Amino acid sequence: MPWCEPCERFWNPGTLTLDGKCPRCGAVLEAPSTPVEPVRSSAPWHFWLFLAAAVVYLAWRAIEGIALLF
């Protein structure tokens with residue numbers, strides 16, 4: 001566990017910034033072991049299925065609502 005002298009505190013490696021600095025004072029505590037790439041995740045397939053179903057449903061309700069006016 002990295003120790004920060006200015007803050008007098010142990011830091012979990014997961015709480016350090018991406019470049020290995022103290023989140024409180026910015027002192028370099030340890031060098032990152034591997035280059036950090038941002039993780040890009042997409043929404044699960046069932047979210048897109050629900051979204052498509054909601055769009056179809058709302059479009060149908062809009063068509064029905066317009067048909068009731070005439």
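On a predicted model such as this, the values are computed, not experimentally measured, just so you know.
To the nearest 0.5 Å, the span separating SG on C22 from CD on E5 amounts to 11.5 Å. Distance check: C7 SG to R24 CZ gives 5.0 Å after rounding to the nearest 0.5 Å. Distance check: S42 OG to W48 CH2 gives 8.0 Å after rounding to the nearest 0.5 Å.
Closest heavy-atom contact between T15 and P23: O-CG, 3.5 Å. Of all non-hydrogen atoms in K21 and G26, the two that sit nearest each other are CD-O, 3.6 Å. Closest approach of L16 to W11, counting heavy atoms only: CD2-CB, 3.7 Å.
Every side-chain hydrogen bond (donor to acceptor under 3.5 Å, both in side chains) that T17 has, sequence neighbours left out, goes to D19.
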Quiz: residues 52-70 side-chain donor-acceptor pairs under 3.5 angstrom, not counting sequence neighbours:
residue	atom	partner	partner atom	Å
W60	NE1	E64	OE2	3.0
R61	NH1	E64	OE1	3.2

